[in-house]
Structure formats: C-alpha cells, structure tokens
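Structure record follows, encoded as structure tokens.
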Amino acid sequence: MKSMKKIVAAVLALALCLCMMAGCSSSTDISAQLDAIQDQADALQDTLDAYIAEAEAAQEAAAEETAEEAAEAEEAAAVTVEALEPDEDGYVTIVDMAGREVTFKANPTIWNSSPTAEGWLCAIVPEQIIGWAAEFTEEALAYYPDSVSGLETVGGNYGTSTANEENILVVSPDVIINTYDCSEEGLESTIASADEMAEEYGIPVVCLSRDIADSAECAANIGLWFGNAQRGYEASVYIQSLLDLVTEAAEAAAAADDVPTFYYAEQATGLFTEAVGSMHAAVFEFCGLTNCVGDDISMTSMGGLEEVTLEQVVQWDPDYIFVWLVPAYQEITTSDAWSGITAVQNGDVYSIPLLPQNWFDRSPNSLRVLGCLYCAAICYADYVSYDLTEVVSDYFSFMYGVELTDAQLEAIYCA
C-alpha cells in the first residue's frame, strides 16, 4: 500500500511539472516534454499495474494458505482413534513407556502411587480415579473437575511418604500408575521398581515417562490404555502445541544469544537448589535456560536439594530467581543480604505457581507443561508468541472443563 501511494504521488508530480512547463516553454519544447512525460507516465502505470497484480496474487496465495490450514485443522480434529479391544475376559494388554507388557481389566479403576500423573487422569479419565496420593485443599480442587472433588486421600509412595498398604487394598484399584525415568540410562532401575511394586500389592503397575518432552505421549497413552483413546489423543495434540510454543521461544532466544541464567531457590531459606541435570530442575532445562550453579555443585542424590551459601549465589549473580516457598520469597526480595544480586535489583524474583499442584516440581507432575509456559513467558518475554493468562485460562478450560475466575487466576500468581 505504501508503494502504491508513492507511485500515485509520482504521477501527480509529473502532472504538476507539465503545467509549469506549459507556462514557460515554446510549443515545440512543450510537445517534446509532453512525449517524455507520457513515456514516464506509461512506465509508472506499468509499474503500478505490476504492483497491483503482485498484491492480488499475494492475497490469493494467503487465502489459499489460510484455507489449507483450516482444512488441516479440520482434518486433525476429525481423526478418530481406535480403542483397545479387550479379550474375552474383559482384559487389555499394553506396552507401557518402560517397554513392559502389562495386562489389566479394561476401563480400570486407577491409583496413581505418587502425585505425578493425577493431572493427566483428571483431564482424560477422571471418573476412574479411586483416590489421591496426596491431600488436596478445597482451593486446589476447584481447579480440577467437579467429579473428583469428593475423592479421599489414600496415600502414596513418593519422597519420604509411603502408602498405607491397607488403604490401597481397601480401595482396590484395578491398576497402579506411576511416573518413572524411562530413559535408556534409568530403564533398568525403573523396570525393577515397577515390578517390585506390582508384586508387593498384587496389582498391575503401568509406567509413564517423567520426561517433559514425553508429555503429549503420556496423555495419549493414558487415553488409549484406560478406555478414552479419543480424549487422550485430543489432549496430546493440545499439549504438544503448547510445548512447541515454548520451544520456539527458547530457540529464538538462543539464536539471538539471549539466554539468561536462573537460580532455583528451594526450602524456607532459599539456600537449597538443584544441580545441572537434576530432574527437579527439568522445567528450566526444557526451556533451555542456563543454571547459574554451573559445575560448582553436583547431585548428591535423586532427591536433589543441594545446600549452598548466600556467598555462592551472590557470586553466581543469576538473572532470574524462582522460589516456591513464601518465606524464601520474602527473604530474597526484602533482605539486604540478597539485594546486590541482578535478579533482585531488576525485580526478577518469581514465585512458582502451586495451584492446583506445583507447576515446576515437588512432585514433578503433569502441570510442568504450564510451568514451562510460565517460565518462558518470564525469561523470554521478547520471544514468546502467546499471552500467558490467556493460555492458562484456555488450559484449564480445555483440560478440566473449568472456567477460571479472575480471583483464581490471581491466586495462581500470588507470591
């Protein structure tokens, strides 16, 4: 459009020149000048015609592309996923994400032995959950479907907690699901742990991968394995689209050599953190951020929580600090001892959302997808293509059928 305006302006300028020359030149000169102007006008008209033709072609191409994208979206939405066919006794056999063959009753009741996959279960097969591994507050349950609000806490095996075997046998789930390290390095230990649990309870155990990059596959598998394949597929496509947004932002920041450092402040003092490679820092690593601790500390156990000194944090001088306990947030943001750190000076200390579960860690659950979106929106503000609040609202609507109120959204981000 700007080019067209320039062309029109040029034509008008030529016309003005014509009028001026007509008043001060002989008829022979005017005739020659008129011919020259006409030639230039014809050339300008040709340029204008070419520009219009190019613009129309671009519009047609854009319309075709939009129609093609709409057709692809419609085609994806129309995909029908076939359910597993139970055998004559009503059982299905699946291969879990650790490569184990597991047989259990079709459309089973399910116990998640740690609070890791409960978010997936609530989104895909909520009516089949028999109880929580960890207790939820009423405030937290308001973010999940109404159908799970009445479930009791039966306990679980995670961290320092051990499930009460009697409670599990009372609720008697048809299958147990848990999240494990399904990488090549952790596979042997994972298989041994799952087999041991299955033998202890006499109930089939299914392994899910704890890798954030496998989140979409986890959602699809839960739907396929437990009797709602279509919903699992739809959730998996949605989850992958969200993770792709994070990856795009991370790659753009990396290409611009604009990847910041972070410090993960844990416990009430903020002086516990995670070494590079810790599963408890998986959100940060998925986002491609640089852990400020570098090689200065190493993992001493799978539980993480490596103790450091304030002097070390000052020396590392992270660009961003993420905290999940209120006392630590208050200490870091108000204490003179922390005030010289870049993140504190710039107001880049953030409280990790905890509703309905921790979005980053403790336990490493399905809401880490939201954690990645949250982390990227903060650390890659110049590169993200989404509005975080809109995405979060859409997530709870799509996954759980919950339309969040302004108060609930505010509570998510409240330090």
Side-chain angles (χ1 to χ4, degrees), residues 70 73-74 76-79 81 110 112 115-153 212 215-216 218-220 222-223 226-246 249 283 324 350-360 363 365-378 381 384-415:
E74 184 176 348
V79 170
V81 182
I110 307 162
N112 185 189
T116 52
E118 288 171 337
W120 299 132
L121 297 174
C122 285
I124 300 167
V125 286
E127 67 285 351
Q128 291 165 233
I129 308 171
I130 53 84
W132 304 117
E135 187 173 1
F136 281 86
T137 65
E138 287 188 15
E139 181 185 23
L141 284 174
Y143 291 81
Y144 279 147
D146 290 340
S147 60
V148 301
S149 61
L151 292 176
E152 296 184 2
T153 302
I212 294 175
S215 293
C218 287
I222 286 175
F226 302 142
N228 198 346
Q230 187 65 36
R231 173 60 176 166
Y233 167 77
E234 293 167 357
S236 73
V237 172
Y238 177 67
I239 291 302
Q240 190 58 56
S241 72
L242 297 182
L243 291 178
D244 287 346
L245 292 175
V246 175
V283 165
W324 60 271
Y350 296 90
S351 184
I352 293 170
L354 303 176
L355 290 170
Q357 293 175 262
N358 191 314
W359 286 15
F360 280 50
S363 62
N365 63 84
S366 61
L367 292 180
R368 290 182 301 169
V369 171
L370 288 179
C372 290
L373 289 160
Y374 175 78
C375 189
I378 290 169
V384 295
S385 60
Y386 56 89
D387 178 273
L388 180 64
T389 299
E390 290 180 3
V391 172
V392 170
S393 296
D394 184 66
Y395 182 94
F396 282 94
S397 176
F398 179 86
M399 294 293 282
Y400 307 123
V402 176
E403 303 302 326
L404 296 184
T405 64
D406 290 342
Q408 284 178 307
L409 281 167
E410 183 178 351
I412 283 176
Y413 304 125
C414 185

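Heavy-atom minimum distance, Tyr233 versus Ser236: O-OG, 2.6 Å. For Ala133 against Pro115, the heavy-atom pair with the smallest separation is CB-N, 3.9 Å. Shown here for Cys122 and Trp132, the closest heavy-atom pair between the two residues is SG-CH2, 3.5 Å. Closest of all the heavy-atom pairs between Trp324 and Leu354 is O-CD1, 3.8 Å. Of all the heavy atoms in Leu141 and Ser149, the pair that sits closest is CD1-O, 3.7 Å. Among all heavy-atom pairs drawn from Gln357 and Asn365, the shortest one is CB-ND2, 3.9 Å.
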Inset, instruction - Show your reasoning for whether side chain to side chain contact (heavy atoms under 4.5 Å, CB included) applies to Val384 and Leu245. - result: CA-CA 7 Å; Val384 295; Leu245 292 175; over 6 Å; no
Ile124 vs Phe226, side chain to side chain contact (heavy atoms under 4.5 Å, CB included): CA-CA, chis, key distance, verdict:
CA-CA 9 Å; Ile124 300 167; Phe226 302 142; over 6 Å; no
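In this structure, Glu139 and Leu355 have side chains that are in contact, with non-hydrogen atoms separated by less than 4.5 Å. No side-chain heavy atom of Tyr144 sits less than 4.5 Å from a side-chain heavy atom of Ile129. Between Met399 and Ile239, the closest side-chain pair of non-hydrogen atoms falls below 4.5 Å. Annotation: side chain of Phe396 is not in contact with side chain of Gln408 (no heavy-atom distance under 4.5 Å). Contact of the Leu373 side chain with the Tyr386 side chain is registered, since non-hydrogen atoms from C-beta on lie closer than 4.5 Å. Between Tyr374 and Trp359, the closest side-chain pair of non-hydrogen atoms falls below 4.5 Å. The side-chain heavy atoms of Gln240 and Leu243, taken from C-beta on, include a pair separated by under 4.5 Å. Between Val148 and Leu121 the shortest side-chain heavy-atom distance does not fall below 4.5 Å.
Residues satisfying the side-chain hydrogen bond (donor to acceptor under 3.5 Å, both in side chains) criterion with Tyr350, sequence neighbours excluded, are Asp348. Not counting sequence neighbours, the partners of Thr389 by the side-chain contact (heavy atoms from CB on, under 4.5 Å) test are Asp387, Ser393, Leu409, Tyr413. With sequence neighbours left out, Tyr238 forms a side-chain hydrogen bond (donor to acceptor under 3.5 Å, both in side chains) with Asp394.
Not less than 6.0 angstrom separates the ring centroid of Tyr400 from the ring centroid of Tyr143.
The distance from atom OG1 of Thr137 to atom CD of Glu135, rounded to the nearest 0.5 Å, is 8.5 Å. Atoms OG1 and CG, on Thr116 and Leu367 in that order, are 11.5 Å from each other to the nearest 0.5 Å. Note that CD1 of Ile412 and OG of Ser351 are 12.0 Å apart. Values are rounded to the nearest 0.5 Å.
Glu152 CD: 12 or fewer foreign heavy atoms inside a 6.0 Å radius.
Between the side chain of Asn228 and the main chain of Val125, no donor-acceptor pair closer than 3.5 Å is present. For Gln230 (side chain) and Val79 (main-chain N/O), a donor-acceptor pair under 3.5 Å exists by modelled atom type.
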